[in-house]
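Counting starts at 1 for both ligands and their atoms, following the listed order.
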Amino acid sequence: MRIFLGVTGASGALYGGRALAALTEAGHHVGLCVSDAGARVISHEVLGEGPRPHSYRDVAERFTTMFARSPGAVDLLAGDDIACSFASGSAGARMALVAPCSTSTLGRIAGGTGDNLIHRVAEVMLKERGTLVLIPRETPVSLIQLRNMVAVTEAGGVVLPASPGLYTMPETIEDMVDFVVGKALDVMRIEHSLFPRWGQPDVAGVLPGDDS
Ligand SMILES: Cc1cc2nc3c(=O)[nH]c(=O)nc-3n(C[C@H](O)[C@H](O)[C@H](O)COP(=O)(O)O)c2cc1C
């Protein structure tokens, strides 16, 4: 399947990285678009080189190399490439994830006032009744941001906050990130083993009524 992945400038670039790894590992073809602010956050959080990279494109390429599990499974798309196939409903792609999703991108999508490829793809998913999942990371949230989440939800999108459950007893940051990415893949109906399911033997809890 062809799936669009937008990585924007909210903290949590690793959500985008692990999503890219999981989608390519599952055999999907990913159209990846990193916003300029997304590249800043990747440079700071993932590459450890601070938030002022000399080249956004270079950051996005290195991010792709780090996380894509299958060479050739990723098309790295520029933020202004609104002529690419994902930007048109007629091209048939019906699945998009924005991870992480800044409140700024959330607002653009909610207001229908987008001006880059990530906004446009989200708009296409909503108008075509495809699957759109946004992973915002912000706290606390303002009334405006809450209303934007409501607007996207009313339009058919899924707002999936970066809020990892702890009942899986995560041991690493990657475990926590994978929980959120796994929940997104559940919404997208993509099989994965990113976190142990409640009630499965490798979850440290025991289901009520399970005394085995
Ligand atoms: C290091 C860093 C961390 C940021 N963290 C967040 C965040 O957690 N959530 C958020 O909504 N914006 C965050 N921002 C601000 C966004 O990057 C900013 O609003 C930007 O305009 C978003 O642009 P984009 O949506 O095109 O990526 C952060 C910025 C930087 C530089």
Polar side-chain atom of Asp58 near backbone of Ser55 as donor-acceptor pair, under 3.5 Å:
no
Among Val133, Leu106, Val159, find the residue that satisfies the side chain to side chain contact (heavy atoms under 4.5 Å, CB included) test when tested with Cys101.
Leu106
Has Arg137 got its NZ or CZ under 6.0 Å from the middle of the six-membered ring of Tyr15, at an angle within 45 degrees of the ring axis?
no
Ser70 and Glu25 side chains, donor-acceptor separation under 3.5 Å
no
From CA spacing to verdict: ring-ring contact (aromatic ring centres under 6.0 Å, His included), Phe179, Tyr167:
CA-CA 10 Å; Phe179 179 89; Tyr167 59 85; 5.8 Å; yes
Working to the nearest 0.5 Å, report the span between CD1 of Ile3 and CE of Met188.
4.5 Å
Pairs under 3.5 angstrom, nitrogen or oxygen on both sides, ligand 1 versus protein: list them out, please.
unit_1, atom_1, unit_2, atom_2, d
ligand 1, 5 (N), Ser11, N, 3.1
ligand 1, 8 (O), Ser11, N, 3.0
ligand 1, 8 (O), Arg137, O, 3.0
ligand 1, 8 (O), Arg137, NE, 2.9
ligand 1, 8 (O), Arg137, NH2, 3.0
ligand 1, 9 (N), Arg137, O, 2.8
ligand 1, 9 (N), Glu138, OE2, 3.4
ligand 1, 11 (O), Thr103, N, 2.8
ligand 1, 11 (O), Thr103, OG1, 3.1
ligand 1, 14 (N), Gly9, O, 3.1
ligand 1, 17 (O), Gly9, O, 2.7
ligand 1, 25 (O), Ser102, OG, 2.5
ligand 1, 25 (O), Thr105, OG1, 2.5
ligand 1, 27 (O), Gly9, N, 2.8
ligand 1, 27 (O), Ser35, OG, 2.6

